[in-house]
Every structure is written in C-alpha cells, then in structure tokens.
Amino acid sequence: MVFENLSNKLQDTFKRLRGMGKLSEKNIEESLREVRLALLEADVNFKVVKDFIATVKERSIGQEVLNSLTPGQQVIKIVYEELTKLMGEHEAPLKLADRPPTIVMLVGLQGAGKTSTAGKMAGLLKKQGRRPLLIAADIYRPAAIKQLQVLGGQLDIPVFSLEGADPVKIARQGVEYAIAYQRDLVIIDTAGRLHVNEELMNELKEIQARVNPHEILLVIDAMTGQDAVNVANSFQETLGLTGVILTKLDSDTRGGAALSVRAVTKAPIKYVGLGEKMENLEVFHPSRMASRVLGMGDVLTLIEKA
Amino acid sequence: SKTKNSLVTNLEGIFSSYQKIDEELFTELEDTLIMADVGVETTTYLTDQLRETVKQQKVSDPAQLKPLLIGLIRQVIEGAGRKQFNFDARDKVLLIVGVNGVGKTTTIAKLAARFSDHRRQVLLVAADTFRAAATEQLMQWGERIGVPVIHHQEGADPAAVVFDGMAAAQSRKSDLVIVDTAGRLHTKVNLMEELKKVRRIITQNIGGRQLETLLVLDATTGQNAVNQVKVFKEAVAIDGIVLTKLDGTAKGGVVLAIAHQFQIPIYLIGVGEKKEDLQEFDALAFTRALFE
Ligand SMILES: Nc1nc2c(ncn2[C@@H]2O[C@H](COP(=O)(O)OP(=O)(O)OP(=O)(O)O)[C@@H](O)[C@H]2O)c(=O)[nH]1
Ligand SMILES: Nc1nc2c(ncn2[C@@H]2O[C@H](COP(=O)(O)OP(=O)(O)OP(=O)(O)O)[C@@H](O)[C@H]2O)c(=O)[nH]1
Ligand SMILES: [Mg+2]
Ligand SMILES: [Mg+2]
C-alpha cells in the first residue's frame with residue numbers, strides 16, 4: 001500500500017534524523033522532501049504543503065535546531081508542532097448566543113453530510129440540555145425534507161418545514177417559530193450546492209442576511225482531495241464561515257483536506273463526523289488530526305523517543 | 001484566465017512560458033497533476049515516462065510535450081479497459097455501489113431515464129433500507145421519470161428487497177433491473193459482508209440476466225478513492241466506474257491513479273443533479289480538462 005510505504009519512509013527519515021548529531025541544510029532538505037510527499041499523498045493541498053514546508057525549513061535551519069543538543073528530535077518536533085498549529089491547536093466549542101435562540105446554518109457541497117450532521121448536532125446539544133429546532137431548507141433534493149423529518153423523529157426533536165415556500169422564507173419563518181415556541185437552538189439544513197453556482201450561493205447569502213446566524217459551518221467530506229481549498233475559499237468569501245465540520249472520518253482517509261481547509265479559511269474545525277448514526281459526532285481534536293495526516297498514530301511517542 | 005484564488009496552473013501556460021525543456025518545466029507539470037488529484041505515484045510515473053520519451057525522441061520544443069503527455073495519460077486510462085456503456089442492452093441487472101453520498105441514487109435515476117429514452121423497461125430496486133428517507137428519494141425519482149420501484153420499509157433486510165425485486169423483474173419481464181444500495185464505507189467489514197449477500201441473492205435469482213456492478217466515485221475525492229476501489233473490487237467485483245460531480249471544479253484526477261493500478265474501465269460521468277446530467281466518459285476530453 002502506498003500509504004504504508006510513505007508512512008514507513010517517513011519513520012525511516014525521522015529515525016535517521018534522530019541519530020544525527022548535527023544537521024546540515026542538505027540533511028534537513030532531504031528529510032522535508034519525504035514530509036512533503038507524505039502530505040501530498042494525504043491530500044493536503046499542494047499550495048498549503050509548499051507554505052508548510054517553507055515554514056518548517058525556516059524554523060529548522062534557524063537558531064532553534066542549531067542550539068539544540070539533539071537536532072533530529074527538534075525537526076520532528078517542529079513538523080508536528082507546525083501541523084498542530086495549522087489545525088488550530090485548541091478545541092473550538094460552538095458559540096452560543098447571549099440571547100437565545102442560537103442560530104446555526106449548515107452549508108456545503110452535495111452529499112457532504114449536512115442533513116445527517118444537522119441531526120447529530122441537534123441530538124448532541126439536546127443531551128447537553130438545549131431545546132433544538134431543525135429547519136428543513138433544502139427544497140431541491142428529492143425527499144430531503146423527509147430525511148430530516150425522519151432524523152428529527154428518531155431524536156424526538158421538532159422539524160420545521162413549509163410546503164411550497166422558498167428556502168429564505170422557510171429559514172425566516174423557522175426562526176420565528178423557534179422564538180414563539182422557546183426553542184433555544186436552531187439548526188438550518190440547506191441544500192447541497194457547488195461553490196461555483198452563483199445563483200445558489202446567492203441564496204445562502206440571502207438566508208444569512210435574513211436570519212443573522214451566529215454560526216455558519218461548512219460541512220466537508222474528510223475524503224475530499226485538492227479541490228477542498230477552492231470549495232472552502234468560495235464559501236468563506238461568500239458567507240464568512242465561523243467554523244468547519246469534517247464528516248466521514250470513520251473512513252481510512254488521511255484527511256489532508258482538514259489541514260487545507262483550516263489553513264485557507266482560518267475557521268476552526270468544530271466537530272467531526274465518525275459514522276452514519278446520530279451519536280457519531282465528536283468535538284474536533286487538532287493534535288490527533290496532525291498525527292493522522294502524517295500517518296503516524298504515535299508521533300508523540302516518536303518525539304519522546306527521539 | 002486565472003481567477004484570484006485559482007491555484008491551478010494552466011497546462012497551455014506551462015508549455016508556452018518555457019523556452020526549453022528543463023527540470024523546472026517537469027516540476028511544474030508534476031505540480032499540475034498533483035493539484036488535479038492524480039497522486040504522487042502516478043504523477044511520478046507519467047513524468048518519468050515523459051522524460052524518457054523526450055530523451056529517446058530527442059524532443060526539444062516544449063510545445064511538443066503537450067500531445068506526448070496527453071497520449072501517455074490516454075494510454076493509462078485506456079489500459080484499464082475500454083468499453084462503451086450500452087444503453088440498448090436488455091436482460092441486465094445493474095448493481096450500484098459506493099461510499100456515502102457519492103451520487104448512487106441520483107446516478108440510478110439518470111441511468112433509468114436514459115434507458116427509458118432507449119425504450120427499455122426498467123425496474124428499480126430500493127435496497128438502501130438504512131439511510132433516512134433513502135427509499136422515498138428513489139421513489140420520488142421513479143415517479144418523476146415514470147419507472148416502477150420495488151421497495152420495503154425502512155430498516156428491512158436489503159437482501160429481502162433484492163429478492164422481491166428479482167422476482168418482480170421476472171414476472172414483469174423487465175428489460176433492466178437497477179439496484180440501489182446504501183452508501184457504505186469500504187472500511188466497514190459488516191456492511192461489505194451485507195453487500196456480498198445482496199450480490200449473492202442477485203446471482204441466485206438472475207434468471208438469464210447478466211449482472212454488472214458499477215462503482216460510483218465522487219470526483220472531489222482525493223487519494224482515498226484508490227482504497228475504495230480496492231476494497232469494493234475485492235468484495236463484489238467491479239465492472240465499471242461512474243465518476244460523478246465533474247460539473248464542479250474538481251478534476252477527478254484520482255481515476256488516473258485507479259486506471260494505473262486496476263483493470264476497471266470508466267463508463268460514465270455525472271455532470272449535474274438533473275436526470276439528463278449523465279455522459280459517456282471521454283478519455284480525451286477528461287485529459288484536457290485535467291489541465292484547464
Ligand atoms: N460513514 C459516515 N457517513 C456519513 C457521515 N456523515 C454523513 N454520512 C453519510 O453520507 C451520506 C450523505 O449524507 P447527507 O447528510 O445526506 O449529506 P448532505 O450534505 O445533506 O447531502 P445533500 O443534501 O444531498 O447535499 C449519507 O449516506 C450519510 O449517512 C459520517 O460521518 N460517516
Ligand atoms: N453537482 C452534482 N451533484 C450530484 C451529482 N450526482 C449526484 N449529485 C448530488 O449529490 C448528492 C448525493 O447524491 P445521492 O444520489 O443521494 O448519493 P448517494 O450515493 O445515493 O448517497 P447515499 O445513499 O446517502 O450514500 C445529492 O444532492 C445529489 O443531487 C453530479 O453529478 N453533480
Ligand atoms: Mg441534505
Ligand atoms: Mg442513495
């Protein structure tokens with residue numbers, strides 16, 4: 001398997017570094033070549049990789065390494081630290097409004113996992129004592145409203161929908177409904193759309209203008225390739241994202257998209273989806289993701305051993 | 001033209017901005033392929049081949065590289081098998097599989113619509129009994145395009161739905177049966193076992209039909225698509241690939257890596273959400289688009 005090879009190569013590189021007393025610029029460059037390949041094979045965006053490698057190189061060649069007693073260890077540490085930094089370092093909880101209801105809007109490409117995630121988030125926050133309302137604002141996909149209703153039914157959470165209305169009206173009336181019925185958390189499920197579809201992107205902008213959401217979260221498939229940055233960029237520019245949710249992390253993807261999206265939007269990754277069931281949503285841990293992208297579950301132990 | 005945020009380099013631009021063929025040019029070609037999701041391994045293979053050809057044929061003009069590279073890519077794609085998808089077929093069962101949300105159900109609607117255009121009697125089988133309102137989704141499509149759908153309740157055994165579907169196809173003398181399955185990650189062993197069972201029920205009740213299994217891949221997927229192909233192929237034998245969502249900005253270059261590793265032809269592409277947004281895969285058009 002390609003991935004295993006890369007991971008092994010990376011381990012070898014790190015081992016070699018570990019054994020070295022003093023690193024030359026050439027040593028560092030050779031090692032970073034392997035890191036670059038591993039990141040690309042993990043689907044981290046090409047441009048993001050380039051910047052990342054430049055940063056690591058600069059730090060490695062600079063004072064830090066030269067003054068360190070074990071320079072090899074230091075380089076590994078820098079790679080890992082910079083990766084974690086790119087991922088956001090800290091967990092990012094959902095922002096709750098001072099005056100309820102907190103309004104959350106989920107957006108993203110087709111099939112990314114918005115509707116499932118709407119259900120999962122509502123379920124999770126209900127367990128934490130909130131009173132959620134789901135709003136079905138996807139009028140395009142066949143049976144999209146029904147899908148959300150089924151999930152709402154499973155979770156015993158109300159779902160607002162409006163036959164024959166446009167998504168802007170549905171969202172607006174849904175929020176009014178939440179206020180009238182004292183629901184303190186509103187999650188709006190929107191239709192999947194391409195980031196280059198101007199008409200549908202404008203529709204999102206209009207929903208945003210009418211309901212003033214506290215959180216606009218981009219739902220993105222963790223298996224996404226190089227295009228993740230273009231997608232994230234467009235949604236960011238159109239809406240100003242407050243966060244990202246990464247789905248389908250229960251796959252065997254390296255998940256480089258996470259790194260790319262985070263680097264491009266600077267929006268924190270708030271949750272990850274780890275399965276199809278409603279309980280399969282967790283808070284995002286930046287350092288775990290850093291290890292995953294590198295294909296090494298035990299980067300930390302490596303650093304310690306180094 | 002380059003938009004402000006476009007990270008994609010234009011192949012045309014690469015070839016015209018270089019006076020001579022040098023390492024810098026090869027590096028830029030590599031970067032372009034990587035950015036199209038071709039993957040490190042296949043990209044290296046392609047540029048190594050190109051370097052070799054340049055040396056052997058003593059190519060010196062960068063402009064000559066373009067047809068050479070396009071030729072190499074086509075070789076990789078067509079090396080995986082060339083087969084036109086036959087919309088005039090009768091007596092076939094199409095089993096549609098893939099990971100979650102790639103576009104299986106929508107592709108089925110598109111296939112059914114196209115077969116109907118060719119005056120074929122199609123029967124759809126709603127064997128995704130797991131995802132919320134998956135059956136309703138397929139039924140709404142069936143209604144739109146005027147094709148019957150065999151279905152059970154949510155939570156039913158998918159094998160049982162397929163069994164009924166095969167029996168119904170027999171008594172109705174349907175030309176084609178298309179089976180929708182639940183999205184499943186290739187990493188979930190129990191779900192892959194379930195899929196094997198569905199396939200077994202089909203073959204046991206095939207009634208003179210021919211089974212063809214299509215794997216649906218999302219063009220926005222990165223290198224993970226290679227793993228998807230590998231595991232689905234081992235579990236249920238894949239006859240062809242449908243590459244969806246090519247109407248976005250993703251290039252779907254990972255299918256090159258797939259063609260490089262597996263003998264599975266790409267049949268069709270999805271270019272939108274409507275029933276007519278299905279096209280035959282065209283290796284040349286696909287290759288050109290990699291560099292746009
Ligand atoms: N394995 C896994 N599957 C997921 C996850 N999140 C969503 N899915 C599945 O992905 C598929 C698509 O999910 P949806 O919630 O319908 O996606 P969507 O973004 O609402 O899709 P559209 O509304 O069509 O754009 C479904 O089969 C979900 O069950 C996840 O974290 N893990
Ligand atoms: N832009 C675009 N969207 C597509 C294409 N094919 C499917 N979609 C959309 O992708 C989303 C998911 O499609 P589905 O057909 O439900 O996917 P699926 O594989 O059946 O999903 P699960 O059954 O949940 O695994 C829907 O919003 C579709 O409209 C395509 O070629 N282009
Ligand atoms: Mg949805
Ligand atoms: Mg489906």
Side-chain angles (χ1 to χ4, degrees), chain A residues 1-3 5-6 37-38 40-43 45-47 49-50 109-113 115-116 119 140-151 153-154 192 194-197 221-231 233-234 237 247-248 250-257 264 275-276, chain B residues 5-8 31-32 34-37 39-41 43 99-103 105-106 109 130-141 143-144 154 182-188 218-228 230-231 244-245 247-254 257 272-273:
Chain A
M1 297 264 355
V2 181
F3 281 165
N5 282 341
L6 271 171
L37 287 182
L40 286 175
E41 205 56 53
D43 294 316
N45 181 265
F46 169 80
K47 179 80 189 319
V49 172
K50 217 172 186 171
L109 295 183
Q110 288 95 343
T115 307
S116 318
Y140 307 104
R141 168 171 167 172
I145 296 169
K146 185 72 206 282
Q147 187 186 354
L148 196 64
Q149 284 169 343
V150 169
L151 298 178
Q154 285 172 13
L194 291 175
H195 55 293
V196 285
N197 186 327
D221 187 326
M223 296 179 277
T224 308
Q226 295 286 320
D227 202 39
V229 291
N230 298 323
V231 173
N233 241 330
S234 299
E237 273 178 15
T247 61
K248 310 181 199 175
D250 46 328
S251 67
D252 54 354
T253 181
R254 277 296 163 76
V264 163
E276 295 187 76
Chain B
N5 292 308
S6 169
L7 302 171
V8 179
D31 295 349
T32 310
I34 295 281
M35 276 189 274
D37 287 320
V40 173
E41 212 180 58
T43 294
V99 301
N100 307 83
V102 287
T105 307
T106 311
F130 180 74
R131 212 209 60 218
T135 296
E136 282 86 350
Q137 185 188 0
L138 192 67
M139 284 170 71
Q140 280 193 23
W141 272 117
E143 222 161 276
R144 268 193 212 175
E154 198 167 304
R184 70 198 73 223
L185 289 176
H186 50 294
T187 48
K188 308 259 156 104
D218 182 332
T220 38
T221 311
Q223 299 312 303
N224 190 254
V226 177
N227 295 14
Q228 293 172 23
K230 186 172 183 288
V231 180
T244 60
K245 308 187 193 175
D247 48 326
T249 49
K251 306 294 185 192
V254 69
E273 299 186 78

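Excluded from the calculations below are hydrogen atoms, water molecules and symmetry mates; all remaining heavy atoms, backbone and side chain alike, are included. Protein chains get the first letters and strands the later ones, always in sequence-line order, with residue 1 at the start of each. Since the model is a prediction, treat every value here as computed from it, not as a measurement.
Only the side chain of B:Val99 comes within contact range of chain A, judged by heavy atoms closer than 4.5 Å. Of the atoms belonging to A:Ile145, not a single heavy atom falls under 4.5 Å from chain B. For chain B, the nearby parts of A:Asp250 are the backbone and the side chain; heavy atoms of each come within less than 4.5 Å. Only the side chain of B:Glu273 has a heavy atom closer than 4.5 Å to any heavy atom of chain A.
Residue A:Gln154 places its CD atom among more than 12 non-hydrogen atoms of other residues, nucleotides or ligands, all under 6.0 Å distant. Other residues, nucleotides and ligands place no more than 12 heavy atoms under 6.0 Å from the NZ atom of A:Lys50.
Within the model, atoms OG1 of A:Thr224 and CG of A:Leu109 stand 7.0 Å from one another, a figure rounded to the nearest 0.5 Å.
You'll find the side chain of B:Leu185 reaches within 4.5 Å of the side chain of A:Met223, heavy atoms only.
Contact count against chain B (heavy-atom pairs under 4.5 Å) is highest for A:Val150 among A:Thr115, A:Leu148, A:Val150. Of the residues considered (B:Asp247, B:Val254, B:Thr244), B:Asp247 shows the highest number of contacts with chain A, using heavy-atom pairs under 4.5 Å.
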ask   = Given B:His186 and B:Asn224, is the side chain to side chain contact (heavy atoms under 4.5 Å, CB included) satisfied, shown in steps?
value = CA-CA 10 Å; B:His186 50 294; B:Asn224 190 254; 3.3 Å; yes
